[in-house]
Amino acid sequence: MYNKKEIFKKVDILYNMWKKGALGGEIMPEDANPHLNMLSAENYLYFTLPMALNYQRNSYKLWESALNTYNDKETNFVFNPKLCLYKTFEEVQYALTKYKIALQKQKQTDIWLSLCKTFVELYDGDIRKLFDSLDNDVNKIRNFIQKENKKKFPYLSGIKICNYWLYVIYQYTDRKYKNIENLTVAPDTHVIQSTYKLGLLTNEELNKNDVQLIVINRWNELLKGTKYNPIDIHTPLWLWSRNGFIEI
């Protein structure tokens with residue numbers, strides 16, 4: 001269906017273009033952060049809670065909103081799950097909407113509070129304990145969140161968001177994973193479009209309901225046994241689409 005050798009050659013070029021800065025991306029959305037101690041529970045929570053609201057929106061604006069919310073003494077309590085649960089719904093809602101970290105006032109406040117409740121009930125508010133309890137194993141973590149306890153992790157358990165969240169934790173904290181080769185691309189709109197542009201998706205597949213799973217499987221197949229893990233090429237694909245498919 002597709003020429004693996006030719007596509008891999010293009011991927012290699014894309015990856016090297018990204019490393020040289022030719023795709024942009026010197027500043028990524030998550031770079032809008034307060035530069036907390038990488039090892040701290042606070043840092044882990046900063047890169048976890050907003051991720052669940054990263055759905056069909058501009059990632060740069062989301063993380064700008066997160067940073068503004070964190071830097072404001074009136075609103076930064078939202079990054080502390082225990083404090084959130086002591087506040088009224090209206091107080092949390094106000095804090096989340098003041099800088100538009102939440103765009104859907106009711107729904108996204110519910111999501112945020114649900115995650116805070118999960119983190120407090122299971123981990124005493126310290127999300128680092130989730131990784132520790134599951135041996136830092138990508139497979140175990142995903143299974144726990146996406147299958148065994150899906151309802152406890154609203155939106156964070158989604159196909160796209162879960163993979164990208166694990167990647168961001170890997171990039172912006174001190175966490176090191178087992179089985180990182182099983183951390184897949186996060187199939188958002190940009191990654192899907194780049195996958196199609198490279199010829200790994202057909203027109204028909206592009207419009208299927210399960211296109212995210214197809215994209216994940218294609219990249220797993222293409223990169224198996226190569227020098228790349230699937231998550232390695234997520235950012236180059238994302239930037240290539242976002243910047244209008246610069247000629248390879």
Might you work through the side chain to side chain contact (heavy atoms under 4.5 Å, CB included) test for Ser157 and Cys162, ending with a clear yes or no? CA-CA 5 Å; Ser157 59; Cys162 188; 5.7 Å; no
Tell me if a side-chain donor or acceptor on Gln193 pairs with a main-chain N or O of Thr189 at a distance below 3.5 Å. no
Any side-chain heavy atom of Phe119 within less than 4.5 Å of one from Lys152? no
In the single-linkage hydrophobic clustering (I, L, V, M, F, W, Y; side-chain heavy atoms under 4.5 Å), do Leu39 and Leu166 co-cluster? no
Side-chain donor-acceptor pair present, Asn182, Arg142, cut-off under 3.5 Å: no
Parallel, tilted or perpendicular, judged at 30° and 60°: which one describes the rings of Tyr177 and Tyr170? parallel
Within the structure provided, determine whether Leu237 and Val11 are in side-chain contact (heavy-atom separation under 4.5 Å). no
Lys107 versus Tyr155, side-chain donor and acceptor atoms under 3.5 Å: yes
Is a side-chain donor-acceptor pair under 3.5 Å present for Tyr167 with Asp232? no
Under the criterion side chain to side chain contact (heavy atoms under 4.5 Å, CB included), I'd like the reasoning laid out for Val215 against Tyr196: C-alpha separation, chi angles, the key distance, then a yes or no. CA-CA 9 Å; Val215 167; Tyr196 174 69; over 6 Å; no
Which atom of Ile141 lies closest to which atom of Leu134, heavy atoms considered: CA-CD1, 3.8 Å
Quick one: does any side-chain atom of Asn58 pair with a main-chain N or O of Tyr60 as donor and acceptor, under 3.5 Å? yes
Smallest separation among heavy atoms of Leu183 and Asn163, with atom names: CD1-OD1, 3.7 Å
Atom OG1 in Thr118, atom CG in Leu113: separation rounded to 0.5 Å? 11.0 Å
Side chain to side chain contact (heavy atoms under 4.5 Å, CB included) for Lys178 and Lys140? Distances and angles first, verdict last. CA-CA 10 Å; Lys178 294 177 185 173; Lys140 290 180 181 179; over 6 Å; no
Would you say the side-chain atoms of Trp219 and Thr195 include a donor-acceptor pair closer than 3.5 Å? yes
For a 4.5 angstrom cut-off between non-hydrogen side-chain atoms, does Asp72 reach Tyr99? yes
Closest heavy-atom pair, Asp126 versus Ala41, reported as atoms and distance to 0.1 Å, is OD1-CB, 3.5 Å
Donor-acceptor pair, Asn149 side chain versus Phe144 backbone, under 3.5 Å? yes
Quick one, Trp18 and Ile233 - any side-chain contact, counting heavy atoms below 4.5 Å? no
Applying the 4.5 Å side-chain criterion to the ILVMFWY set and letting contacts propagate, would Leu103 and Ile101 be lumped into a single cluster? no
List the steps, then state whether salt bridge (charged side-chain N to carboxylate O under 4.0 Å, His left out) holds for Lys224 with Glu181. CA-CA 9 Å; Lys224 187 175 182 179; Glu181 68 276 6; over 6 Å; no
Lys98 atom NZ: more than 12 heavy-atom contacts under 6.0 Å: yes
Within a strict 4.5 Å, meaning less than it, do heavy atoms of the Asn229 and Leu223 side chains meet? no
Could you tell me whether the side chain of Thr69 and the main chain of Thr75 form a donor-acceptor pair under 3.5 Å? no
Tyr70 and Glu42: side chain donor to acceptor below 3.5 Å: yes
Does a donor on one side chain and an acceptor on the other come within less than 3.5 Å for Trp238 and Asp188? yes
Set of ring-ring contact (aromatic ring centres under 6.0 Å, His included) partners for Tyr94, sequence neighbours left out: none
Side chains of Asp31 and Tyr172, donor plus acceptor under 3.5 Å: yes
Is Glu221 paired with Lys4 through a side-chain N to carboxylate O contact shorter than 4.0 Å? no
Could you walk me through whether Thr173 and Asn43 satisfy the side chain to side chain donor-acceptor pair (under 3.5 Å) test, starting with their C-alpha distance in whole Å, then the side-chain angles of each, then the deciding distance to 0.1 Å, before giving a yes or no? CA-CA 7 Å; Thr173 75; Asn43 189 50; 5.6 Å; no
Look only at the side chain of His234 and the backbone of Val185, and say whether a donor-acceptor pair between them is shorter than 3.5 Å. no
Closest heavy-atom pair and its distance - Ala66, Phe79: O-CZ, 3.7 Å
Please tell me if the side chains of Leu122 and Leu130 come closer than 4.5 Å, counting only heavy atoms from C-beta onward. no
Sequence neighbours left out, what passes ring-ring contact (aromatic ring centres under 6.0 Å, His included) with Trp240? Give chain and number order. Phe245
With rounding to the nearest 0.5 angstrom, report the CG to CD distance, Leu96 to Glu91. 12.0 Å
Side chain to side chain, Arg242 and Leu23, heavy atoms closer than 4.5 Å: no
Do Glu30 and Tyr164 have a side chain donor and acceptor closer than 3.5 Å? yes
Interatomic distance, Thr48 atom OG1 to Leu115 atom CG [nearest 0.5 angstrom]: 9.0 Å
Nearest 0.5 angstrom please: Ser59 OG to Asn54 CG, how far? 4.0 Å
In this structure, are over 12 heavy atoms from other groups packed under 6.0 Å from Lys129 atom NZ? yes
Could you tell me if the side chain of Lys176 sits less than 4.5 Å from the side chain of Asn136, heavy atoms only? no
Run the numbers on Arg128 and Asp174 for salt bridge (charged side-chain N to carboxylate O under 4.0 Å, His left out), then give the verdict. CA-CA 10 Å; Arg128 295 175 301 180; Asp174 65 322; over 6 Å; no
Interatomic distance, Tyr123 atom OH to Ser133 atom OG [nearest 0.5 angstrom]: 4.5 Å
Between Trp63 and Met38, is there a shared hydrophobic cluster once you connect ILVMFWY residues whose side-chain heavy atoms come closer than 4.5 Å? no
Go through Arg175 and Asp132 one step at a time and tell me if the side chain to side chain contact (heavy atoms under 4.5 Å, CB included) criterion holds. CA-CA 10 Å; Arg175 190 64 48 174; Asp132 294 338; 2.8 Å; yes
Main-chain N/O of Leu213 paired with Asn217 side-chain donor or acceptor, under 3.5 Å: yes
Pairwise distance SG(Cys116) to CG(Leu49) - rounded to 0.5 angstrom: 5.0 Å
Taking only Lys NZ, Arg NE, NH1 and NH2, and the carboxylate oxygens of Asp or Glu, determine whether Asp210 and Lys208 approach each other closer than 4.0 Å. no
Heavy atoms of other groups near Glu204 CD, more than 12 under 6.0 Å: no
Closest non-hydrogen contact found for Gln108 with Arg57 is OE1-NH1, 4.1 Å
For the residue pair Leu200 and Arg218, what are the closest heavy atoms and their distance? O-NH1, 2.8 Å
Determine whether the aromatic ring centres of Tyr44 and Trp165 lie less than 6.0 Å apart. no
